[in-house]
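Everything below concerns the one structure shown next.
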Amino acid sequence: MSDAPVIAIDGPSGSGKGAVATAIAARTGFHLLDSGALYRVLGIAAHKAETDLTDPREVAFLATSLQIEFGTNGPDSVSLNGEDVSLDIRTDLGSVMASRVGAIPAARAALHERQLAFRQEPGLVADGRDMGTVVFPDAALKIFLTASVEERAQRRYKQLIAKGIGAILPDLLRDLKERDERDSQRPVSPLKPAEDAIVLDSTDLSLDEVIDRVWNLAVTRLPGLAS
Ligand code: DC
């Protein structure tokens, strides 16, 4: 297995970790793992196949048999068994199903190997909930990016409105709280900072400020990046 350096960026929904991870991957030239997208694809696949989520064997079989490809249809594209599901996985259904399958140990075990395979030279920026705690415990830098739930709901609201999608702020807030609860209370790989993670609260920071802070930490931990 590769021992290429890993920068792990974990945190709750809407903390901005996806945007930060993408920017840091571009700046470092590292590969990018959006682990949430894997859980989202599995969630959508389980929904389509009407998989019984109470049957661990059925879930594990589905998770290991899926053909998931990134970037074949544009930089953010994801395909499932050859079908472009880039938009499906970002719907509310995709979010809820991802969070539900993410609570199933057999699903997490089945996705583990797939995530490890993203670790390749010159390095990896991995974004998720358990990158620093479970999947890449030896990551060179672990960031736990957070923000108040109200601020995260506001950000999501603005994003949806900007895209012309109708949204109701109190509903978004309630959904985020439910997802936080499910992701952090589950017995397997709950959302929590690794002991050696640096917790960054982005409530009062702009995206650029967060990216700068993470970049500065990355250069300190991996001095080769600066050259
Ligand atoms: O990062 P995201 O919002 O795309 O993640 C969607 C869901 O997937 C999240 O609510 C929980 C699950 N997930 C997980 O359990 N473990 C990860 N490493 C990433 C996501």
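Counting convention: from 1, in listed order, for ligands and their atoms alike.
- Ser35 OG, 3.5 Å is the protein heavy atom nearest to atom 19 (C) of ligand 1.
- Checked against a 3.5 angstrom limit, the closest N/O atoms of Lys17 and ligand 1 fall inside it.
- Residue contact check for ligand 1: Gln115 places no non-hydrogen atom closer than 4.0 Å to it.
- Atom 10 (O) of ligand 1 has its closest protein heavy atom at Asp183 OD2, 2.8 Å.
- At a threshold of 4.5 Å between non-hydrogen side-chain atoms, the residues Leu33 and Phe70 do not count as touching.
- Any N or O atom pair closer than 3.5 Å counts here, and Arg179 shares at least one such pair with ligand 1.
- Among all protein heavy atoms, the one lying closest to atom 7 (C) of ligand 1 is Ala98 CB, 3.5 Å.
- If you check which protein heavy atom lies closest to atom 4 (O) of ligand 1, you get Arg40 NE, 2.7 Å.
- Take Tyr157 and apply the ring pair (Phe, Tyr, Trp, His ring centres under 6.0 Å) test, not counting sequence neighbours, and it matches no residue.
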Taking distance alone, no hydrogens or angles, what donor-acceptor pairs closer than 3.5 Å link side-chain atoms of residues 136-145 to residues at least two apart or in another chain?
| unit_1 | atom_1 | unit_2 | atom_2 | d |
| --- | --- | --- | --- | --- |
| Asp138 | OD1 | Arg119 | NH1 | 3.2 |
| Asp138 | OD2 | Arg119 | NH1 | 3.4 |
| Asp138 | OD2 | Arg119 | NH2 | 3.2 |
| Lys142 | NZ | Gly132 | O | 3.0 |
| Lys142 | NZ | Pro137 | O | 2.7 |
| Lys142 | NZ | Asp196 | OD1 | 3.1 |
| Lys142 | NZ | Asp196 | OD2 | 3.3 |

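- Ser99 and Arg179 share no side-chain donor-acceptor pair at under 3.5 Å.
- Annotation: Asp130 places an N or O atom under 3.5 Å from an N or O atom of ligand 1; distance criterion only.
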### Task
Check the pair Ser13, Arg129 against side chain to side chain donor-acceptor pair (under 3.5 Å), reporting the backbone distance first and the verdict last.
CA-CA 9 Å; Ser13 306; Arg129 301 289 185 293; 3.1 Å; yes
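- Atoms of ligand 1 lying under 4.0 Å from any heavy atom of Met131, numbered from 1 in the order shown and given with element: 18 (N).
- Applying the 6.0 Å contact sphere to CD of Glu150 captures more than 12 heavy atoms from other residues, nucleotides or ligands.
- Side chains of Pro12 and Leu191 form a contact here, defined as non-hydrogen atoms less than 4.5 Å apart.
- Checking only distances, Arg108 does come within under 3.5 Å of ligand 1, N or O to N or O.
- At a 3.5 angstrom cut-off on N or O pairs, Arg186 counts as close to ligand 1.
- Nearest to atom 20 (C) of ligand 1 among the protein's heavy atoms is Gly36 CA, 3.5 Å.
- Regarding atom 9 (C) of ligand 1, its nearest protein heavy-atom neighbour is Arg129 NH2, 3.2 Å.
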